[in-house]
Amino acid sequence: MILFFSVIFLILFVLAIIVLFLILFKTKKNSKNEYIELLQDILDRKAFYPKKIVMIDTHFFLSVNKSLTRLAIIQNFNSKSLKYNYEEIALQFLTGISQISSKAFKVDYVHKGEKKTFLVHSKSKEVKEFIYSIYKVANVKRIKDKFLQCNFSITSTSDFENTYVWAYSPSNSIFAYFKTKEEFCINKLNLLKNYFTIDTKYNYFEVDFFGERKQLIVYDNIFLQELFQSLYQNIKQRTAEMSENLIYYDDYSRIIYISNGVSSLQSILLNNLQDVLYKENKLCFIQNDDSSIVFPASNEFIKEFEDFVIGFNLRKIANSFDYKFDKLINITSNTKLIIDFSRDRIVYCANLNSFLNFNYVTISFNSIEDICLEKNGSKGFVRIYTKDKEIIDISCNKLEIAHYILGQVNTIINS
């Protein structure tokens with residue numbers, strides 16, 4: 001019986017604590033709303049139409065206007081006498097923010113030509129986010145003023161203090177970066193024309209940053225997701241799709257874009273590329289400076305990319321073949337023989353899945369003097385003799401392929 005009453009007492013005690021907490025929370029919320037209403041009236045009388053008002057404490061408030069151009073600073077506020085100190089500045093006159101402790105921030109600004117600072121003591125996430133966002137708005141405005149042709153609607157920074165500011169314009173794929181510390185420096189690049197790596201799964205973003213390839217730290221998590229979606233759509237609309245949702249090619253700029261279609265996007269600049277290596281679960285792109293780009297890929301994707309490279313190399317030989325008359329013969333996994341009746345020639349290709357090692361030999365029909373077949377068990381090779389005393393050996397994985405080539409070439413010679 002004693003145990004029963006002890007449990008009942010404990011339950012009633014916990015309920016009382018919860019009710020008391022809810023009453024205090026509601027009282028605090030009502031009190032905060034009353035202060036905000038007072039500030040709303042004051043700002044309205046000053047023709048300052050607030051988008052948001054944040055309460056630092058009962059004596060200190062900040063507000064930004066609806067057009068995100070001005071900041072109101074209300075200090076030493078007395079709710080009974082309605083006395084206060086009021087300053088209003090353009091956001092462009094914010095010059096820096098810094099976190100001086102886990103609960104305190106410093107905001108630097110210029111007012112009437114004088115450098116000034118105010119301190120914010122608060123552990124509120126809302127207050128911290130407000131201070132960060134208004135300073136980011138000011139810095140993005142500086143980028144917009146320099147590059148007027150861009151609509152920078154996707155933005156972020158490297159950290160709370162806005163050490164670097166990132167801005168992306170979906171309309172023309174321009175990415176701008178702004179160094180705010182020490183000497184101001186703003187630069188831009190067209191992501192559709194330059195190197196980049198984006199992987200939203202690992203929050204990874206790498207570009208040519210002030211002339212050097214670097215990973216950029218991103219403060220706003222949603223930034224990379226929005227950037228990925230926008231850039232991916234631009235690539236789909238403006239380049240040739242070589243494999244659905246996976247491989248795109250810009251022939252004019254000689255850039256390949258590859259993606260897993262979900263979270264990763266990579267540009268490969270052919271002018272900077274030596275070759276590609278096909279490895280288990282990844283593609284490895286070797287650059288001219290011997291650095292490499294590793295792209296994780298499934299076996300299916302690797303096969304798709306290999307087919308793209310083969311098609312890319314075949315287009316070097318001729319922009320098109322007439323497949324009603326011409327014949328494309330798979331000799332081995334890495335070599336092909338093209339009997340090009342449209343152009344009266346034979347083309348023997350090797351290393352078709354390679355950028356650097358791809359090579360081919362062209363033999364005109366008129367130059368062929370003779371052909372023979374040499375056997376080696378189940379395999380064989382075809383030997384072609386030219387009128388210039390050259391010998392071209394074509395190795396075949398299967399003997400039937402060698403017989404097929406022999407028959408085709410003999411038909412050409414005897415026609």
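Along the sequence shown, residues carry numbers from 1. Here the structure is a predicted model, which is why all the values come from computation and not from measurement.
- Expressed to the nearest 0.5 Å, how far CG of Asp275 lies from CZ of Phe355 amounts to 7.5 Å.
- Note on ring orientation: taking the six-membered ring where Trp is involved, the planes of Phe160 and Tyr219 are tilted (angle from 30° to 60°).
- With a 6.0 Å radius and a threshold of 12 heavy atoms from other residues, nucleotides or ligands, Gln149 has its CD atom above the threshold.
- For Asp145, the salt bridge (Lys or Arg N to Asp or Glu O under 4.0 Å) partners at least two apart in sequence or on another chain are Lys141.
- Shown here are the side-chain hydrogen bond (donor to acceptor under 3.5 Å, both in side chains) partners of Glu88, two or more places apart in sequence or in another chain: Arg70, Tyr86.
- Relative to the six-membered ring of Phe105, Lys128 misses at least one condition, a distance below 6.0 Å or an angle of at most 45° to the axis.
- In summary, the side chains of Thr386 and Asp388 do not present any donor paired with an acceptor at a separation below 3.5 Å, with no hydrogens or angles considered.
- Side-chain atoms of Asn151 and Ser169 form no donor-acceptor pair, as typed in the model, at a separation below 3.5 Å.
- Counting heavy-atom neighbours within 6.0 Å of Lys336 NZ, excluding the residue itself, gives a total above 12.
- A 6.0 Å sphere centred on CD1 of Ile222 holds no more than 12 heavy atoms belonging to other residues, nucleotides or ligands.
- Between the side chains of Asn139 and Lys136, no donor-acceptor pair of N or O atoms lies under 3.5 Å.
- Tyr164 and Phe209 have perpendicular rings, their planes meeting at more than 60° on a 0 to 90° scale where under 30° would count as parallel.
- The two residues Cys185 and Phe210 come nearest to each other via the heavy atoms SG-CE2, 3.3 Å.
- Looking at Lys52, its side chain never comes within 3.5 Å of a backbone N or O of Phe130 through a donor-acceptor pair.
- Between Thr197 and Phe205, the closest side-chain pair of non-hydrogen atoms is not below 4.5 Å.
- In this structure Asn187 satisfies the side-chain hydrogen bond (donor to acceptor under 3.5 Å, both in side chains) test with no other residue, sequence neighbours excluded.
- For an aromatic pair to be called close, the ring centres must be under 6.0 Å apart, and Phe152 with Phe178 fails this.
- Using the six-membered ring where Trp is involved, Phe61 and Phe77 have ring planes that are perpendicular, over 60° apart on the 30 and 60° scheme.
- Looking only at distances, a side-chain donor or acceptor of Thr180 sits under 3.5 Å from a matching main-chain atom of Asn162.
- Counting non-hydrogen atoms of other residues, nucleotides and ligands closer than 6.0 Å to NZ of Lys125 gives a total of 12 or fewer.
- For the pair Arg213 and Tyr195, the cation sits on the ring face: its NZ or CZ lies under 6.0 Å from the ring centre, inside 45° of the axis.
- Two residues are said to be in side-chain contact when any heavy atoms from C-beta on lie closer than 4.5 Å; Val107 and Ile73 fail this criterion.
- Under a cut-off of 6.0 angstrom, the local environment of NZ in Lys181 is crowded, with over 12 non-hydrogen atoms contributed by other residues, nucleotides or ligands.
- Of the N and O atoms on the side chains of Lys193 and Ser253, at least one donor lies less than 3.5 Å from an acceptor on the other residue.
- Side-chain atoms of Thr157 and Tyr135 form no donor-acceptor pair, as typed in the model, at a separation below 3.5 Å.
- The aromatic rings of Tyr257 and Phe196 lie parallel to each other, with less than 30° between the two planes, well short of the 60° mark.
- Using modelled atom types, one finds a donor on one side chain and an acceptor on the other under 3.5 Å when comparing Asn245 with Lys236.
- Counting non-hydrogen atoms of other residues, nucleotides and ligands closer than 6.0 Å to CZ of Phe184 gives a total above 12.
- Evaluated for a side-chain contact (heavy atoms from CB on, under 4.5 Å) with Asp199, the options Tyr204, Phe228, Phe295 yield exactly one hit, Tyr204.
- No side-chain donor-acceptor contact under 3.5 Å links Asn366 and Ser364.
- By the 30° and 60° cut-offs, the orientation of the rings of Tyr109 relative to Phe118 is tilted.
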